[in-house]
Amino acid sequence: MAAPLPAIQPGAGLTQHAVIQQHRIPSPPSKSTGSTSRSTYRPGQKLIGKKEREIQMRQQMLRAKQPELSHNDTARYRNTYFHTLCIEMLKDGFHRSFSELFALIKQQKAERDAAGPDSLIWNITLLEDEYDKLDKLKQYLTEAEAALRIGSMEAVYTAQNKLAEYFKAIGDYWLSNHFYLSCLETSLQIKGDGRRKEAEANCNMGLAFEHSRTYDKAAEHFETFYKLSSRNSNWRTEDGLSLHAMACDHLRRLYTAMAENLQKAEEKDLQQAIQYLLKAFEMAKESGDTAEEGKSSYRLGLAYESIADPETALMYHQGYMEICKQLADQEGMGKACEAIADSYKSQGKGDEAIRYLEMFVDVAQSSKQEKALGRASACLGTIYNVQGQYLKSSEYFGKAYNIARSTGDILSTSETRVNYGIASAHRLLMNFSDCVEQPSKKRMGVLIDWKNARGEQFADRVKEDPPKEEKKEEVKEEKKEEETKEETPETSEATEENKSETQEESKAE
């Protein structure tokens, strides 16, 4: 039997802070509600109205219609486009493409930071923010890497060349030059094409350096292109153009630009410029382009004129004129005539210079080249002024002045106006000097009239009046001539008989 429990003493075991638990019995629901389906109100809970419940229902319906997003889908919204594109390339196994793209991004940022905030490239859009370029890079870089894995270097070259052409077309020469260089490196590994890809890559690199005005490096690549194409004259483009002729044309254009730079430099090297122009002339002849051959000959003639060698200049100018005759180039004919006239003028052969300048005037008039006609007239006016033919000089300078005014050329108008005034003054000065050096009553009167009112008194030479006796004889002769014109044939015969009789009588006496 269990031991009895000890009696509980009042207040025993209770501390000063003890709390006695109290049980609450919930009250029954109110009968006035009439429905037990409604939820009981809780303190702090916000009541939802009808409109809010409708909005919640619509949101739930829209959420149910949307597809479930994967981890990759959510990453596209959270990460940048460049980040997502790099992840896709790495996931597909194109680690080489990722490395090249990442290196380009890094290089662009480094060049931008090195240039500083005051540079032009500071405000350009970075490559990582240009989505179209990133897509093209991903497409062709992965193609090139896939072709590299199977050892198809031609396919690698094609993909890199497409990238270079794309960026060149949109004006991004920094990227196009990068991929042209990649094409050149890839072309050295291509076997069995006779080094044609290498030739094309050197051509593209030459064009890239020419665009950036790095003419020395451009010349190196163009000369390599020329050597390779010279060995294979049957190489042609899709349009049927010869690669050899193309190489000659590129070198002609480059040598001409290099010569012009030397001619325009502060420290001019005219002899070296002539050497480049001679190379350009040879390339033009080798390419078979007759028009460019003529232009190169014309430039050579002008270059020899600049070093005071008119004989050699004349030879090249005459060659240019013959080519212009073959091509029926009226404008070129005018330029050739003008250049030949300058050469003859430098040699002191004024008559030959005038002959070619008059030919220049005829060509300019027939081809309706107003500016050329004005230039030819001004040149003729200058030569006639030097020769002392002031009347012709003022006439041609007047033509040049009127043409310059009609064309609206302010500089030519000012220049020809001054020359026209000088030639007119020379024409008047000759007659004025004659009146001063050989004074007479009439000439003094003309001088006094000119001093009172400056006009055209000396436009023509002042002629002295003949003496009175000479005047009478002149009047008699004029009267006789009038009478003979009025006489009939019969009277004229009678007068002739009378004249013969008088002559016989005088002989008899």
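Distance CG/Leu127 to NZ/Lys133: 6.5 Å, rounded to 0.5 Å. Rounding to the nearest 0.5 Å places OG of Ser229 at 11.0 Å from CD of Glu200. For the atom pair CD1 (Ile124) and CG (Asp172), the distance works out to 8.0 Å, reported to the nearest 0.5 Å. Atoms CD and CG, from Gln108 and Asp113 in turn, are 10.5 Å apart once rounded to the nearest 0.5 Å.
Listed here is the closest heavy atom pair of Leu262 and Ala273: CD1-N, 3.8 Å. In this structure, Ala353 and Lys345 approach most closely via the heavy-atom pair CB-N, 4.1 Å. Closest of all the heavy-atom pairs between Phe397 and Ala423 is CD1-CB, 3.7 Å. The two residues Ala404 and Thr416 make their nearest non-hydrogen contact at CB-OG1, 4.0 Å. His317 and Tyr298 make their closest contact through CE1-O, 3.6 Å (heavy atoms, listed as atom of the first residue, atom of the second, distance).
Side-chain contact annotation: Trp174 with Glu111, donor-acceptor N/O pair under 3.5 Å present. For Ser287 and Glu292, the side-chain atoms include no donor-acceptor pair closer than 3.5 Å. Side-chain contact, Tyr166 with Gln139: no donor N or O sits under 3.5 Å from an acceptor N or O. Side-chain contact check for Gln326 and Glu322: no donor-acceptor pair (N or O, by modelled atom type) lies under 3.5 Å.
Among residue pairs with one or both ends in residues 202-220, those qualifying as salt bridge (Lys or Arg N to Asp or Glu O under 4.0 Å) are Glu210-Arg253; sequence neighbours excluded.
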Residue pair Lys399, Val361: steps toward the side-chain contact (heavy atoms from CB on, under 4.5 Å) verdict = CA-CA 11 Å; Lys399 283 184 180 180; Val361 170; 5.7 Å; no

I would like to know whether Tyr304 and Leu314 meet side-chain contact (heavy atoms from CB on, under 4.5 Å); could you show each step before the answer?
-> CA-CA 9 Å; Tyr304 278 111; Leu314 183 62; over 6 Å; no

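At distances below 3.5 Å, not a single donor-acceptor pair connects side-chain atoms of Ser233 with backbone N or O atoms of Ser230.
Annotation: Gln389, atom CD; neighbour count of heavy atoms from other residues, nucleotides and ligands within 6.0 Å is above 12.
Ion pairing of Glu128 with Lys109 is present here, as a side-chain N (NZ or NE/NH1/NH2) and a carboxylate O approach within less than 4.0 Å.
In this structure, Lys162 is not positioned above the aromatic face of Tyr140 in the sense of NZ or CZ being under 6.0 Å from the six-membered ring centre and within 45° of the axis.
Using bins of under 30°, 30° to 60° and over 60° for the plane-to-plane angle, the ring pair Phe225/His250 lands in the tilted bin.
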